[in-house]
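Given the structure is predicted, the values throughout are model-derived calculations rather than measurements. Quick note: residue numbers are just sequence positions, from 1.
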Amino acid sequence: MATFVLVPGAGGMAWYWHRVVPLIRRSGHEAILIDLPGDDRHAGLAVYADIIVDAIAKRSEIVLVAQWQADEAPSCA
């Protein structure tokens with residue numbers, strides 16, 4: 001079983017993934033939806049990264065799915 005970590009872009013909310021989550025769960029996987037503090041002008045990438053890492057915790061077999069709305073794609077690790 002994989003864990004899909006769903007990260008919205010452009011200050012979005014976890015709700016954006018509501019149509020995908022049932023499909024992921026029906027396939028026998030876990031879905032973690034992330035809310036980022038897009039309305040907090042002082043929250044930068046470090047804060048966003050901490051939120052995502054805390055949500056992942058000690059899970060393995062992670063599939064990170066990030067929506068991005070900008071001129072450049074996010075870096076992949």
Co-members of V53 in a cluster of I, L, V, M, F, W and Y side chains, linked at under 4.5 Å: none
R19: side chain to side chain contact (heavy atoms under 4.5 Å, CB included) partners, not counting sequence neighbours: none
Donor-acceptor list for residues 54-61 side chains, cut-off 3.5 Å, not counting sequence neighbours:
| unit_1 | atom_1 | unit_2 | atom_2 | d |
| --- | --- | --- | --- | --- |
| R59 | NE | E30 | OE1 | 3.2 |
| R59 | NE | E30 | OE2 | 3.2 |
| R59 | NH1 | A55 | O | 2.8 |
| R59 | NH1 | I56 | O | 3.3 |
| R59 | NH2 | E30 | OE2 | 3.2 |

Point-to-point distance, once rounded to the nearest 0.5 Å, from CG of L36 to CD1 of I51: 5.5 Å
Remaining members of hydrophobic cluster (4.5 Å side-chain criterion), M1: none
Minimum heavy-atom distance P8-Y16, with the two atoms named: CB-CD1, 4.2 Å
Remaining members of hydrophobic cluster (4.5 Å side-chain criterion), V63: F4, L6, W17, V20, V21, I24, L33, V65
Atom pair OG1 (T3) and CG (L64), whose distance is rounded to the nearest 0.5 Å: 12.0 Å
Set of residues satisfying side chain to side chain contact (heavy atoms under 4.5 Å, CB included) with respect to D35, sequence neighbours excluded: M13, A14
